[in-house]
Amino acid sequence: MIVGWRCAVCGTTLDVGEPYPFTCPRATPTDRHHVLHPHVVGDEPAPLDDPNPFVRYGPRLAWWAFARTHGMTEAACVALTRDLAAGFTVTPFTRRQTLADATGADVWVKDETANVGGSHKGRHLVTILLHLVAAEALRLAPTPRRPLAIASCGNAAIAAATLARRAAWPIDVFVPTWAGPAVLDELAALGARVHPCERRPDDPPGDPALLRFREAVADGAVPFSVQGPENALCLDGGRTLGWELADAGVHLDRALVQVGGGALAACTGWGLGPAVRLDVVQTEGCAPFARAFERSAALDDAAAAARWGELMTPWPDPRSAADGILDDETYDWLGVRQVVRRSGGRALVVPESAILAAHELGAATGIAVSPTGTAGLAGLLTPEGAPAPGESVAVVFSGVAR
């Protein structure tokens with residue numbers, strides 16, 4: 001069961017009853033290299049009989065344990081989940097013969113494209129929202145409400161604005177100057193306040209949208225982020241995807257998961273467990289995790305964490321058709337590294353030709369998925385990631401084509 005949070009860098013722990021466990025207490029503006037991970041002890045509670053994963057796995061989630069610790073009844077937790085997490089269901093997980101024919105593997109697709117907001121991103125965000133609203137109901141929240149803030153130009157922003165509107169919570173979205181007009185129009189229709197972020201002459205290396213987001217948080221906004229170092233609560237709900245895979249009744253030898261910021265892979269690995277090998281996929285146009293993974297190959301977890309700033313450095317000029325995984329840093333790299341190493345997995349770097357081929361194969365299944373969403377499949381199309389005969393493999397299609 002989940003008992004709280006533990007910093008993967010300094011070991012600081014927080015009890016599960018602590019309100020707003022967004023960041024490690026020892027993190028500072030000049031030392032951001034801390035991240036709280038879910039601290040689970042013993043066996044996970046059995047799932048409830050419900051098609052909504054946030055009800056089904058509610059007793060395993062940190063926000064639920066927080067609310068129960070402060071006296072909220074299970075019935076109240078269920079009711080709040082049905083309100084704020086309406087529309088989430090256990091997503092389809094099906095074998096795709098066309099992909100089997102193309103790759104030589106028994107390929108199973110976890111289809112997140114019809115999930116709330118069109119991707120897996122809502123899984124990470126809804127548990128932040130549940131914690132915030134539960135804290136209000138328990139009279140543990142400051143008043144008035146502080147605005148939500150997120151740095152994103154795609155699926156995470158759409159999911160965030162969708163959920164914020166559901167809770168009637170104001171949200172500021174910080175986007176890069178190259179954000180697509182379709183996404184900007186959708187964000188405006190959802191009522192988000194959108195802030196294009198140009199690079200300033202005095203900006204340090206890194207994404208200027210993330211820098212402006214951090215400034216907003218420093219001024220009092222709530223980090224409504226899919227990056228664990230910015231808000232650890234996003235690592236709570238993301239684990240539901242891994243639990244769904246583990247409970248699907250399908251024998252899996254391997255899972256391949258695309259990596260941008262890293263929360264998807266870390267959470268999938270935690271939920272799925274180390275018995276299934278987890279390979280992670282990045283494009284050769286942006287592979288900061290694979291580079292850090294290679295740099296830290298001889299180090300244990302503690303030593304790698306202590307050298308975060310040296311090992312995980314910004315990738316210059318990210319480029320790929322899979323634009324949703326062009327994070328110049330893998331923010332949740334420690335979690336990804338942990339699940340890959342414990343499962344005996346690998347960090348795969350694929351050429352752009354494989355990204356494009358994987359998208360063509362994915363689209364041919366009839367799923368309206370983006371190049372970002374099929375990037376994990378690209379790992380099977382390279383010599384390093386080619387399947388063994390008869391291998392059963394899971395991939396996550398996440399990110400509807402827009």
Side-chain angles (χ1 to χ4, degrees), residues 19-23 27 29 32 63 84-85 116-133 135-136 141-200 202-204 206-238 260-261 263 323-324 326-329 331-332 399 402:
Y20 309 115
F22 301 158
T23 59
R32 307 193 66 89
W63 88 266
L84 296 180
V116 173
S119 75
H120 71 282
K121 300 289 189 178
R123 291 181 184 264
H124 298 286
L125 294 164
V126 74
T127 40
I128 301 176
L129 193 61
L130 284 162
H131 183 101
L132 295 172
V133 176
E136 286 184 333
T143 55
R145 279 182 170 180
R146 298 176 290 163
L148 305 175
I150 186 171
S152 170
C153 63
N155 290 318
I158 298 298
T162 300
L163 293 170
R165 184 173 69 168
R166 183 175 292 179
W169 206 304
I171 184 168
D172 292 297
V173 181
F174 298 90
V175 302
T177 53
W178 48 264
V183 172
L184 297 179
D185 289 345
E186 190 166 355
L187 289 173
L190 289 167
R193 300 181 299 223
V194 181
H195 308 272
C197 301
E198 295 183 354
R199 177 167 294 284
R200 299 173 183 171
D202 58 344
D203 278 344
D207 179 3
L210 182 62
L211 298 175
R212 304 293 87 81
F213 155 82
R214 287 174 172 169
E215 290 169 358
V217 172
D219 288 339
V222 176
F224 202 45
S225 173
V226 294
Q227 300 159 355
E230 309 297 337
N231 191 328
L233 286 168
C234 78
L235 303 176
D236 189 22
D323 55 8
L326 292 185
D327 303 75
D328 65 344
E329 295 183 49
Y331 306 104
D332 280 291
R402 286 188 167 88

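No hydrogens, no waters, no symmetry mates; every other heavy atom, side chains included, goes into these values. Just so you know, residue 1 is the first one in the sequence shown, and it goes up from there.
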**Q** List the atom of P208, the atom of C197, and the distance in Å for their closest heavy-atom pair.
**A**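 Closest approach of P208 to C197, heavy atoms only: CG-O, 3.9 Å.
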
**Q** Could you tell me whether the side chain of F224 reaches within less than 4.5 Å of the side chain of L125, counting heavy atoms only?
**A**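 L125 reaches F224 side chain to side chain.
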
**Q** With sequence neighbours left out, what residues match A156 under side chain to side chain contact (heavy atoms under 4.5 Å, CB included)?
**A**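 A156 satisfies side chain to side chain contact (heavy atoms under 4.5 Å, CB included) with K121, I150, S152, V226 once adjacent residues are dropped.
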
**Q** Sequence neighbours excluded, which residues qualify as ring pair (Phe, Tyr, Trp, His ring centres under 6.0 Å) partners of Y20?
**A**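 Once residues adjacent in sequence are excluded, the partners of Y20 under the ring pair (Phe, Tyr, Trp, His ring centres under 6.0 Å) criterion are F22, H131.
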
**Q** If the condition is side chain to side chain contact (heavy atoms under 4.5 Å, CB included), which residues does L84 pass it with, not counting sequence neighbours?
**A**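 Scan of L84 (side chain to side chain contact (heavy atoms under 4.5 Å, CB included), adjacent residues dropped) gives L80, L129, L130, V133, A167.
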
**Q** Taking only residues two or more places apart in sequence, or in another chain, which ones meet A85 in a side chain to side chain contact (heavy atoms under 4.5 Å, CB included)?
**A**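 Checked A85 against side chain to side chain contact (heavy atoms under 4.5 Å, CB included); matches are N52, F54, T81, F88, V126.
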
**Q** Would you say the side chain of T23 lies within less than 4.5 Å of the side chain of P229, judging by non-hydrogen atoms?
**A**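 Contact flag for P229/T23 side chains = no.
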
**Q** With a 4.5 Å cut-off on side-chain heavy atoms, are R212 and D203 touching?
**A**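 Touching, per the 4.5 Å side-chain cut-off.
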
**Q** Answer yes or no: is there an ion pair linking E329 with R32, defined by an N-O contact shorter than 4.0 Å?
**A**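 Salt bridge: no.
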
**Q** Run the ring pair (Phe, Tyr, Trp, His ring centres under 6.0 Å) test against F174 and tell me which residues pass, sequence neighbours left out.
**A**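 For F174, the residues satisfying ring pair (Phe, Tyr, Trp, His ring centres under 6.0 Å) (neighbours in sequence not counted) are H195.
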
**Q** Just wondering, do R200 and L211 contact through their side chains at under 4.5 Å, heavy atoms?
**A**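 Counting from C-beta outward, L211 and R200 never come under 4.5 Å.
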
**Q** Counting only pairs under 3.5 Å, give me each side-chain donor-acceptor contact of residues 182-190, with atom names and distances, residues two or more places apart or in other chains.
**A**
| unit_1 | atom_1 | unit_2 | atom_2 | d |
| --- | --- | --- | --- | --- |
| E186 | OE1 | R402 | NE | 3.2 |

